[in-house]
Amino acid sequence: MPHATNLNDRQREAVLTTEGPVLVIAGAGSGKTRVLTERIGHLVGDLRVSPYEILAFTFTNKAAREMKDRLERAHPGSTEMLWVGTFHSTGVRILRRHGDAAGVKRDFSIYDTDDSTGLVKAILARNPNDARFVKSPRVLRDRISRMKNDLVTPADAAERAISAGEQRIAALYAEYERDLRKANALDFDDLINKVVELFATDDRVRELYARRFRYVLVDEFQDTNPIQMAMIDGLASVHGNLFVVGDDDQSIYSWRGARVEHILEFEGLYPATKVIRLEQNYRSTKTILDAANGVIAHNLGRKGKTLWTDGEVGDKVRVTAALDEESEALAVIDLVKREVAAGTSLKQIAILYRTNAQSRALEDVFVQASLPYQIIGSVRFYERAEVRDVLAYCKAIVNPDDSINLKRILNVPRRGIGKTTIDQIEALAAERGTSLVDAMRAAASTLGAAAAARVHAFLVLFDELREMAATDVAPHVVDAILKSTEYHKHLEENYPDAEARIENIDELLSKAHGFAEGAETKSLSAFLEEVALVADVDALDLDSGQLTLMTIHNAKGLEFDAVVVTGMEEGLFPHYNSIDDPTAVEEERRLFYVGMTRARRRLYLTFAGMRRRMGMMEGGVPSRFLNEIPERTLEAPVEPLVSPTIYGGAWSPRRDYARSLRDEYAQPEPHEAYSQEAFAPQAPVVSGVHVSSHAPSSTGAVEHAYTIGMRIQHERFGKGIVRKVEGKGEQTRVTVIFDAGGERKFLAHYAPMRPL
DNA sequence: TGGTAGAGGCTTTTT
DNA sequence: GCCTCTACCA
């Protein structure tokens, strides 16, 4: 059997059991991606199944691409007809072909989270009395999204509403749905929702797909939500050859409506199910697995399994304490340096964290140290204002009914169409029940002459671009938008950081060019579709030779030789919002488990004694998860971490553990610039440091009386002059301009600094 | 209509 | 600490 060699018995069973429902419980690193790919290879290569009859769901586009690449190598030509993609991209594919039956027009636009929020905002503006029922447009949008994911319609919501507030929310939800239809737009949830609706209303279409796809495969099954489950169920309704792979211990998307129960209830739903468990791990060392197993064992709500490996024991897990987030970043650099010295390449190292906000402090220090890194997520490319502006032009051009995006660009760049004019046009649109563009075309009579002329000028430009988009390729249209609106000039005139913004616009343009080179359909609408569905991880380049920074959520499914999980503090990880809810803490624990099991050879954990949160410095306490790691897997000494005073009590830097590392960064010129070569592999170096505290030494409880103009001495940055003093008591912040150049802000209470 | 300054909210995680 | 919205003035 060409497709069952080099597999263990269980894996082979999973590959060869092609008929009927199969549930594979696949632990972290147990080779599930391989099983999925080999299984498709077996179907195509050995059983002569046409790729046309196979549909596979992956969690990201990147995973889909990788699976296709692997298959293409093994069976050239086989992937052309194969459908592999995310639920969302598969939904789009189906809706573009057969959406009509569910009332979806073929040329619909896709609203991303920002667009949806804009729509909700507009609805709330129309219903000022309802604002008191929701905290913010975003909260309402999330709530609507949750209902959609749970198959709750506006009518259901109205029926279930017990309070007046719930009644109104149901009404706003209904209005949101109406407005989406009016704008000929689908939000992310609709991309799946409408398929389910389609299957329910039109049996012929459902059967068309269900007959075609004799084999349906689902990866990351633990993170499917009810609406996705309904879509899967519809697709598997004819042949029943449904193969799902998941791990209940890695379920980390319940906040998005995902249900682990889908794993637990699968056998009940599909009675003939064959269950296969993959528990042998091929990724991590014995020590890392032991540590991860020890942590996840604290969860009560799990099916229970124990991963094992016959790999080597490996190095122990190292915990590093830092004074604040800056020292934490320095500690990370130090760990990276050691890894590189030991022969690990930068691209095989990942720095993970709970929240995107944590990346900033890391980045600041990495930049200073010239450490090459790539960051996934954070300020997302497609969410930058300038990129969104240009995309709004594209969206409005493709679909002029898209009032949200049309409104966004009406006066960007400034063309004298201000609030008053827009209000008038909107009123006219509401009065006549037409779209915004139509109201603009009709507005000449109601507007003043000057305003009417400006609106007319916009419409001329808009129509020209529309005409062009009907026939020309995406990059040309994007280029025409930029030229005709003099967008570069607009950026230069209005933003001090215009250069960076222009770079982003150029990148968008080059993405459009790249798209036109590779895609079959090169139209603007096809480009928008691609753009709407890309995830941040899709951009991850593991061959860039750089260090990778990302959230643990983004790291799902990936693996690295060395992994550093930062921010191991109560409140951050587990996060404040989860800390009072045992179920939520269990999900946080699973998230930590996912982070730990990304590591192949070495795992590092760091925490900071204090950290800036929304501008305020706050004290931190080591995460409870650290205490759950079996001591035998940790580098000694562990004592300070398991101290009974940890919870509740304020944490202070333990000077006993401030060791060699501190001195390294205590000099005035702390970050020697690490060139690319400095990070090239060298001969292994033996490290003797265990739990190390990364703390610029504290000055203790010295009274701080800084005044503007005062000369000061800072332990690390040398002499300087006080420029600004803000706040009082422990919160006193002092801004200093250093003689050596550079301005910095410190908390007077904590900074290693004294008046001269 | 546009520019600016100050207030207020925000950070969990994402297709 | 940063971004967005609002209020007010030119």
Side-chain angles (χ1 to χ4, degrees), chain A residues 57-64 85-92 110-114 116-118 121 125 135-139 142 145 148-149 186-193 220 223-225 227-228 251-258 325 352-361 364 376-380 382-385 411-423 448 450-451 454 493-494 531-538 550-556 567 571-579 584 587-588 590-592 594-595 611-617 726 733 745:
Chain A
F57 289 109
T58 57
F59 201 70
T60 60
N61 296 303
K62 183 178 151 62
T86 61
F87 282 98
H88 295 89
S89 61
T90 305
V92 172
I110 299 169
Y111 266 16
D112 60 25
T113 318
D114 252 39
S116 306
T117 311
K121 211 180 279 176
K135 252 196 7 236
S136 68
R138 282 185 45 192
V139 170
D142 283 346
S145 173
K148 291 176 90 157
N149 280 314
L186 299 186
D187 66 15
F188 276 144
D189 304 321
D190 283 336
L191 299 181
I192 301 160
N193 236 317
E220 306 284 5
D223 285 323
T224 53
N225 60 36
I227 195 77
Q228 292 167 335
S251 155
I252 54 175
Y253 279 93
S254 76
W255 51 274
R256 207 167 83 181
E325 63 220 293
L352 307 181
Y353 35 80
R354 176 67 179 85
T355 70
N356 283 306
Q358 289 166 252
S359 68
R360 194 187 191 89
D364 284 348
I376 307 297
S378 195
V379 191
R380 300 194 182 83
Y382 290 107
E383 283 174 17
R384 290 169 200 271
N411 203 29
V412 178
R414 300 255 135 84
R415 48 173 74 90
I417 304 177
K419 194 174 179 309
T420 323
T421 312
I422 295 178
D423 282 351
R454 288 191 285 250
E493 284 170 1
N494 292 291
V531 160
L533 298 176
V534 293
D536 293 309
V537 254
D538 294 343
M550 65 186 134
T551 62
I552 303 178
H553 281 92
N554 264 323
K556 172 167 143 165
L572 195 54
F573 201 10
H575 196 271
Y576 293 104
N577 298 2
S578 305
I579 226 156
E587 177 144 322
E588 296 281 310
R590 289 194 293 271
L591 188 60
F592 182 43
V594 168
R611 187 180 293 277
R612 200 174 281 284
R613 210 177 100 82
M614 290 191 232
M616 294 285 279
M617 195 55 102
E726 300 156 282
R733 286 180 297 255
K745 215 179 222 185

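Order of the sequence lines sets the chain letters (A, B, ...), proteins ahead of strands, with each chain counted from 1.
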Quiz item: Is there ring stacking between A:Phe87 and B:dT15, where the centres must be under 5.5 angstrom apart and the planes under 30 degrees?
Solution: no
Quiz item: What closest approach, in Å, do A:Lys556 and A:Val594 show between heavy atoms, and which atom pair accounts for it?
Solution: CA-CG1, 4.4 Å
Quiz item: A:Asn554 side chain N/O closer than 4.0 Å to the phosphate oxygens (OP1, OP2) of B:dT14?
Solution: yes
Self-check item: Check: A:Asp187 side chain, A:Tyr111 main-chain N or O, donor-acceptor pair, under 3.5 Å
Solution: no
Exercise. Send over the distance from A:Arg611 CZ to B:dT11 C1', rounded to a whole Å.
Key: 13 Å
Quiz item: So do A:Thr551 and A:Tyr353 actually touch side chain to side chain, heavy atoms under 4.5 Å?
Solution: yes
Quiz item: CG of A:Asn411 versus C1' of B:dG2: gap in Å, rounded?
Solution: 9 Å
Practice problem: Taking only the side-chain nitrogens and oxygens of A:Thr420, find out if one of them lies under 4.0 Å from OP1 or OP2 of B:dT1. | Solution: yes
Quiz item: Starting at CG of A:Leu533 and ending at P of B:dT14, how long is that distance when rounded to a whole Å?
Solution: 17 Å
Self-check item: Selection from B:dC10, B:dT11, B:dT15 that lies nearest to any side-chain heavy atom of A:His575
Solution: B:dT11
Exercise. Please work out if A:Arg590 contacts a base, only the sugar-phosphate, or nothing of the nucleic acid, heavy-atom cut-off 4.0 Å.
Key: nothing
Quiz item: What nucleic acid atoms does A:Arg414 come within less than 4.0 Å of, heavy atoms only: base, sugar-phosphate, or nothing?
Solution: sugar-phosphate
Quiz item: Quick one: is B:dC10 close enough that its OP1 or OP2 comes under 4.0 Å of any side-chain N or O from A:Arg138?
Solution: no
Exercise. Take A:Thr421 and A:Leu591, find for each the nucleotide of DNA chain B with the closest heavy atom, and name the residue whose nucleotide sits nearer the 5' end.
Key: A:Thr421
Quiz prompt | Phosphate OP1/OP2 of B:dT15 contacted by A:Ser89 side-chain N/O (<4.0 Å) | solution = no
Practice problem: With the side chain of A:Thr355 defined as its heavy atoms from C-beta on, choose the nearest nucleotide among B:dT14, C:dG1, B:dT13. | Solution: B:dT13
Practice problem: Please state how far atom CD in A:Glu325 lies from atom C1' in C:dG1, giving the value in whole angstrom units. | Solution: 11 Å
Quiz item: Is the shortest side-chain N/O distance from A:Asn577 to OP1 or OP2 of B:dT13 below 4.0 Å?
Solution: no
Self-check item: Distance between P atoms of B:dT13 and C:dT4 (Å, rounded)
Solution: 16 Å
Practice problem: Using whole Å, report how far CZ of A:Arg612 lies from C1' of B:dC10. | Solution: 16 Å
Quiz item: Looking for any heavy atom pair under 4.0 Å, which part of the strands does A:Lys121 touch: base, sugar-phosphate only, or nothing?
Solution: sugar-phosphate
Practice problem: Quick one: sort the A:Phe573 and A:Phe592 rings into parallel, tilted or perpendicular, breaks at 30° and 60°. | Solution: perpendicular
Quiz item: Among B:dT13, B:dT15, C:dC2, which nucleotide sits nearest the side chain of A:Arg360?
Solution: C:dC2
Self-check item: Among B:dT15, B:dG2, B:dT11, the nucleotide that comes nearest once only the side chain of A:Phe188 is considered
Solution: B:dT15
Self-check item: Verdict with supporting geometry, A:Asn225 and A:Ile192, side chain to side chain contact (heavy atoms under 4.5 Å, CB included)
Solution: CA-CA 11 Å; A:Asn225 60 36; A:Ile192 301 160; 5.7 Å; no
Exercise. Provide, to the nearest angstrom, the distance between the CG atom belonging to A:Asp114 and the C1' atom belonging to B:dT15.
Key: 14 Å
Quiz item: Mapping A:Gly416 and A:Lys135 onto DNA chain B by nearest heavy atom, which one lands closer to the 5' end?
Solution: A:Gly416
Quiz item: Contact class for A:Asp112 (heavy atom, under 4.0 Å): base, sugar-phosphate, or nothing?
Solution: nothing
Practice problem: Nearest whole angstrom, please: distance from the C1' of B:dT1 to the CG of A:Asp423. | Solution: 13 Å
Quiz item: Between A:Asn225 and B:dT15, does any side-chain N or O lie under 4.0 Å from OP1 or OP2?
Solution: no
Quiz prompt | CZ/A:Arg138: more than 12 non-hydrogen atoms of other groups inside 6.0 Å | solution = no
Exercise. For A:Arg415 and B:dT1, give me the distance from atom CZ to atom C1', rounded to whole Å.
Key: 15 Å
